[in-house]
Amino acid sequence: MGRRSQSSSSSSTAWRHLSPWYYLKRPARLALLVVGFVAATFASWDRLSLVRDYEAEISRLDEEVNRLYDQLRMAGIYLDDNPNIENIIKKHHLEVDPVNSVRREKVKEAMLHAWNSYVKYAWGQDELQPQSKNGVNTFGGLGATLVDSLDTLYIMGLKEEFKKARDWVAESLEFDKDYEASVFETTIRVVGGLLSAYDLSADKIFLEKARDITDRLLPAWDTSSGIPYNRINLAEGKASNPGWNGGNSILADSGTEQLEFIALSQRTGDQKYQQKVENVIRQFQKIFPSDGLLPININPHSGAVKSYSKITFGAMGDSFYECLLKVWIQGNKTESVKHYRQMWETSMEGLLGLTRKTSSNFYYVCEKNGDSLSEKMDELACFVPGMLALGASGYSPEKAEKIMNLAEELAWTCYNFYQSTPTKLAGENYYFHGGQDMVVGTSWNILRPETIESLMYLWRLTGNKTYQDWGWDIFQAFEKNSRIESGYVGLKDVNTGTKDDMMQSFFLAETLKYLYLLFSPPSFISFDEWVFNTEAHPLKIVTRHGNEGSSGDAEVQSTGLLLMPSDLYRHDKGDPP
Ligand code: DMJ
């Protein structure tokens, strides 16, 4: 037989095994085939059901692990590489406080409610109008609420929400806007929010975006004195001051960018940001009065103050003083930043001079117009108790005690701004006519954070849990009056409880974050390692050596700076300083 007919005969032999007739003629083989088929079917079915069972078991265990992990977080314990709970408690000196755990969870739930409402109705826009269920671009369309919320989401362990926000930043956040942005608001919310997200997550996208927006802000510092204009067109780089202020720059708006710009220089290695803001402080030194109280209006060309303009620790003055202290802390309290502390201490003497007390012992900080005192205090000035408490430890023990006492007295006043109204929410400002007790002036409440902020500092720095209880009272008043189905709103009037239609981005950035920290162990985002900007964005303190010049002396340690989540939860000190 030829090769062709041989191969066709062997292939027909193989094919015959596929023919039913082959098996019908051979019953033994048919039986064997059926048994084999049934056995294989059972084996595969059994295997599939085993895989399904295992998968169900794994997912059940996963849920159990997550539940236990949440319980640990609620108890203030953050697992690192050592899962032995006894060791963790011992190592971190943690107190498991069930009251705090419950409170913290409630605050986290409030954040989720605010965040989910923003996601649903205003995703990517600056702020949510909860009653109208609309988004509005109050900051030029920079996703202000989203960027302001990044670190709060991270800190509260809301990983999926953080990831979604992070992807929006990477894919959709852009700054080429034909919009006159506030240099101050953009710095504290957007630059601060991005830098904080970078320090917490080590994700470089945040640093890139922070650098992009800051480069667009920089032309604002191109004035003859170097004191910045307060507004800038982000697309064109054209800077100016608003006409309503006579062309002047505002103190708080011009002197509060230091933390963010210094942090950016430290993280990029580019000194230009730091140089711009350090020059502003040098200019302020030239005009710094002996009581350390700068009027709120400054001419950016001559660098001179408008001497009869207002002096205040409230609106338009406030964060300048806070910034002086915090740059000193950010700079490791070294020689190169000593002048910030000196200026701050001088200003605190000025603050003592503005402080009065009512017949029923409420301390308050007055404002000054020219030579006359005005017995008015903004709720905005309620950051002062926290600032004093934070700065107290740099004084001699006797002076520190005096400063701490004043901090506690002022916090009592601020708490009573809330307690004294029918809604238990504070108005925007208060009058103390002739030393009489507080009377609400402007009666709105826009979900501001300052009192909560101070309570958080005071609780951490005194260990007195009363401050936590006060914070809880305020939180409950927000829940009662400000929470609606589609977010949180402010009140047009704290006497009647009439609601407004705005969820301010700082409610998520500051108010809820400070509340969460108020009920967390002090070692969590500790004051030894982090400094909070005026919008409550924690920036990591970078090692800075003692005697070098003021610029370029920071030790940029990318590996030390870039925190992974596990680093964030690794705490060495558990007690208040
Ligand atoms: C925030 O944007 C900042 O805290 C700023 O320093 C003052 N105003 C609001 C909150 O009230």
| field | Nearest-0.5 Å distance that lies between atom CG in Leu158 and atom CG in Leu150 | value | 12.0 Å
| said: What's the separation between atom CG in Asn429 and atom CE in Met377, rounded to the nearest 0.5 Å? | reply: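 Asn429 atom CG to Met377 atom CE measures 11.0 Å (nearest 0.5 Å).
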| field | side-chain hydrogen bond (donor to acceptor under 3.5 Å, both in side chains) evaluation trace for Glu479 with Tyr488 | value | CA-CA 8 Å; Glu479 287 294 285; Tyr488 286 83; 2.5 Å; yes
Are [X] and [Y] linked by a side-chain donor-acceptor pair shorter than 3.5 Å?
X      : Y      : answer
Asp501 : Ser132 : yes
Tyr340 : Gln258 : no
Arg356 : Tyr364 : no
Ser526 : Asp528 : no
Asp199 : His537 : no
Tyr418 : Glu379 : yes
Thr423 : Asn481 : no
Thr145 : Glu127 : no

| said: For the residue pair Lys164 and Trp123, would you count it as a cation-pi contact if the rule is NZ or CZ under 6.0 angstrom from the ring centre and within 45 degrees of the ring axis? | reply: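 Yes, Lys164 sits over the ring of Trp123.
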| task | State whether Trp530 and Lys540 meet the cation-pi test: NZ (Lys) or CZ (Arg) under 6.0 Å from the six-membered ring centroid, and within 45° of the perpendicular axis. | result |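 Yes, a cation-pi geometry.
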Please examine the side chains of [Y] and [X], heavy atoms only from C-beta on, and report whether any two atoms are closer than 4.5 Å.
X      : Y      : answer
Arg166 : Ile205 : yes
Thr511 : Phe478 : yes
Arg341 : Val337 : no
Ser201 : Phe162 : yes
Val327 : Ile262 : yes

Do you know the tightest heavy-atom contact between [X] and [Y]?
X      : Y      : result
Ala411 : Pro385 : N-CG, 3.7 Å
Leu425 : Ala477 : CD2-CB, 3.7 Å
Trp459 : Leu517 : CZ3-O, 4.2 Å
Leu388 : Ala407 : CB-CB, 3.8 Å
Leu515 : Gly471 : CD2-O, 3.6 Å

Report the relative orientation of the aromatic rings in [X] and [Y]; use parallel for angles under 30°, tilted for 30 to 60°, perpendicular for over 60°.
X      : Y      : answer
Trp412 : Phe362 : parallel
Tyr516 : Phe524 : perpendicular
Phe432 : Phe417 : tilted
Trp470 : Tyr467 : perpendicular

Taking atom [atom1] of [X] as the centre, does the number of heavy atoms from other residues, nucleotides or ligands within less than 6.0 Å exceed 12?
X      : atom1 : result
Lys424 : NZ    : yes
Gln476 : CD    : yes
Trp168 : CH2   : yes
Lys106 : NZ    : no
Lys499 : NZ    : yes

| field | Residue from Asp469, Asp473, Asp97 passing salt bridge (charged side-chain N to carboxylate O under 4.0 Å, His left out) with Arg103 | value |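 Result: among Asp469, Asp473, Asp97, Asp469 is the only option passing the salt bridge (charged side-chain N to carboxylate O under 4.0 Å, His left out) with Arg103.
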| Would you say the side-chain atoms of Asn533 pair up with the backbone N or O of Ala536, donor to acceptor, closer than 3.5 Å? | yes
Is [X] salt-bridged to [Y], cutoff N-O under 4.0 Å?
X      : Y      : answer
Lys163 : Asp167 : yes
Asp126 : Arg189 : no
Lys513 : Glu453 : no
Glu349 : Lys399 : yes
Lys108 : Glu161 : no
Arg448 : Glu428 : yes
Lys310 : Glu367 : yes
Glu322 : Lys326 : yes

| field | Residues which pass side-chain hydrogen bond (donor to acceptor under 3.5 Å, both in side chains) with Thr346, listed by chain and number, not counting sequence neighbours | value |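 Thr346 satisfies side-chain hydrogen bond (donor to acceptor under 3.5 Å, both in side chains) with no other residue.
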| Hey, mind stepping through Asp437 and Ser360 against side-chain hydrogen bond (donor to acceptor under 3.5 Å, both in side chains) and telling me if it holds? | CA-CA 7 Å; Asp437 283 351; Ser360 39; 2.5 Å; yes
| query | Does the gap between the ring centers of Phe313 and Tyr321 come in under 6.0 Å? | reply |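 That pair passes the under 6.0 Å test.
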| field | Phe527 ring center within less than 6.0 Å of Tyr457 ring center | value | yes
